[in-house]
Amino acid sequence: MEAIWNFVPKGLPVSVQVVGATILLSVVYSFFTKNRPWPAFPLISVRGLGPRKSWMNHGQEVLDEGFKKTNGRPFQVMTGTGPKIILPNKYADEIRNLPELNFPKAFTSDFFVNYPGFEAHRQGLTHDFLLRDTVRLKLTQSLGLVTKDLVDETIDTVDDVFGQSEGWTTRTIREDLLEVVARVSSRVFLGEGLCRNRRWLDIAKTFTVDSFTLAFLMRMAPAIIRPFAYLVLPHSARLRKSVRDAHTMIVPEVKKRKAAVDAARAAGEKPPKVADTLGWMYDIAKGEDLDFVAGQLSLTMAAIHTTTESACRALLDICKYPEIIQQLRDEIVEVVGREGWAKTTLYKLKLMDSFLRESQRVSPLASMSMNRYVEKSITLSDGLEIPKGARIAVVSDFANPEVYPEPDKFDVARFVKKRQEPGQENSWQFVTTSPSALSFGHGEHACPGRFFASNEIKIILCHMLLKYDWRFVPDQPEPAPRIFESSIAVRPDTQIQARRRKVEIDIDNL
Ligand code: HEM
């Protein structure tokens, strides 16, 4: 130590010494924490940029280039938080249930879980069962029970958001659908009171975007200046306020439920039946004192923007292929008109189901899925070794002509036809995952909320298609998506037009 001080010029002010020491420590820290690429996998970059910038700004091009360069072999990309190994789609089935692969840890470093505001992400990492089991064991088992709530809230919300005008009005469609989905989902997540609470709806709508944007911007910054970036970026203050406000609203609800359950137990009675995720989460926690606010924010994050994106793309596809709308309306009038909102109605909307799957195939939310963290080195059946500590993802295969003949064509009935083949009835539903359909992931961690999302989108679309005509804004170019890393998103300023129409059936009173 004394030897180091011998290099420091005599008489240097202490403040300068401190600054110097900080810079030196930063360089040493960056050197040791720099995420190095894995030696056995080619690292891909494009357009003469570094690998990190290439991935952040031209993710899709990097994936195309990677497979071209390696002739379809695995390669790696450099994300803002280290390398990620990209596997070709053929590995999807083989890795889907491997116990060596961890789902939540794949996102730990992407979301800075130790910073205030990222509690929901931390919750997913430390108690991932809470969300998964609440959705899988409670919500999905209660889909029949919650249909009425979904329908009631959709009726009010769609009218509130899109109005009664019989002339064409221009809508910023992503924002509008986000409001609809936030309200309809919150009805089932938090009950009738909070689902219309303006502050909760703002949180439900902004929390995901703020946390993803903040994490993205922090990933762009070199590791050493991330703490400063966190302090100055406005998203972090908004995120912390959202968490505080969510506490104020949700904690009293949790206490109410806890009191009701405790009172019933004390009286030797069965706890009251609940039909919202807050109550279900409390059940799943089995007395463990978990952070239910983070749990709700986590649920909101998993559910609302994904569902909004899918509904939005479906509507854009209706504008792009206007001949579809009459076919979909005919089915709604026939099935919903005949059966109302019976338990099997949504299952019987087979053209709508096929349409949603085709929409997701042609415009997926991301060009890869199945993000996992490798906890223990694995060797796959063809000898491919994936090292412990690596993060991996599998590339989607939505344009494979062997699975999807004429893959460039939008065929609204593609999956109705597939389901009519012998033994294929259940293999091609919107919610069925497979290596060639990774929009909901695949295997043990495939999205447990997809059954709920499917019902919710169908109910919302039934109302929007019967009550309104839809079209692109005349003379405006077709809205292009926004691409970053591997995500493909509808631009927030995307506009289309709506016009109220006469309904064929009284869909509000079935
Ligand atoms: C169309 C809408 C949705 C899409 C496209 C979607 C997509 C996904 C994807 C790609 C995954 C990762 C799967 C994997 O890597 O294998 C996932 C996981 C998850 N999703 Fe969804 N999701 C949607 C809606 C929902 C909804 C509505 C909920 C809750 C009600 C939900 C809850 C979850 C949960 C809890 C996980 C984590 C599963 C685990 O920990 O094993 N999702 N989702």
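All residue numbers in this chain count up from 1 along the given sequence. Just follow the structure's listing: the first ligand is 1, and inside any ligand the first atom is 1.
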Nearest-0.5 Å distance, CH2 of residue Trp470 to CD1 of residue Ile496: 5.5 Å
Plane angle bin for Phe415 and Trp428 - parallel if under 30°, tilted between 30 and 60°, otherwise perpendicular: parallel
Per-residue contact class, Ser439 against ligand 1 - non-hydrogen pairs under 4.0 Å: backbone
NZ/NE/NH1/NH2 to OD/OE distance under 4.0 Å, Arg183 and Asp160: yes
Within-cut-off N or O pair, His442 and ligand 1, under 3.5 Å: yes
Nearest-neighbour protein heavy atom for atom 39 (C) of ligand 1, which is reported as residue plus atom name and distance: Arg132 CD, 3.4 Å
Proximity of Leu299 to ligand 1 by residue part, where a heavy atom lies under 4.0 Å: side chain
Flag if over 12 foreign heavy atoms under 6.0 Å of NZ, Lys417: yes
Centroid-centroid distance, Phe430 to Phe440, less than 6.0 Å: yes
Nearest-neighbour protein heavy atom for atom 16 (O) of ligand 1, which is reported as residue plus atom name and distance: Arg372 NH2, 2.9 Å
Ile44 CD1 to Gln76 CD distance, which is reported to the nearest 0.5 Å: 8.5 Å
For Met370, atoms of ligand 1 separated by under 4.0 Å from a heavy atom: 15 (O)
Numbering as shown, the atoms of ligand 1 that approach Leu131 to under 4.0 Å (heavy-atom distance): 35 (C)
Residue and atom names of protein N/O/S atoms that fall under 2.8 Å from atom 21 (Fe) of ligand 1: Cys447 SG
Per-residue contact class, Thr277 against ligand 1 - non-hydrogen pairs under 4.0 Å: neither
Lys/Arg N to Asp/Glu carboxylate O, Lys458 vs Asp353, below 4.0 Å: yes
For atom 30 (C) of ligand 1, the protein heavy atom that lies nearest, with its residue and separation: Leu139 CD2, 3.6 Å
Phe107 and Phe111 aromatic ring geometry - parallel, tilted or perpendicular at 30°/60° bounds: tilted
Nearest non-hydrogen protein atom, atom 37 (C) of ligand 1: Phe103 CE2, 3.6 Å
Reported CG-to-OG1 distance for the pair Leu290 and Thr126, which is rounded to 0.5 angstrom: 8.5 Å
Shortest protein heavy-atom distance from atom 41 (O) of ligand 1, along with the residue and atom involved: His445 ND1, 2.7 Å
Salt bridge present between Lys320 and Glu478 (N-O < 4.0 angstrom): yes
Plane angle bin for Phe410 and Tyr321 - parallel if under 30°, tilted between 30 and 60°, otherwise perpendicular: parallel
Any residue meeting salt bridge (charged side-chain N to carboxylate O under 4.0 Å, His left out) with Glu179, in chain and number order, not counting sequence neighbours: Arg198, Lys205
Heavy-atom nearest neighbour in the protein, as seen from atom 1 (C) of ligand 1, with distance rounded to 0.1 Å: Ser310 OG, 3.2 Å
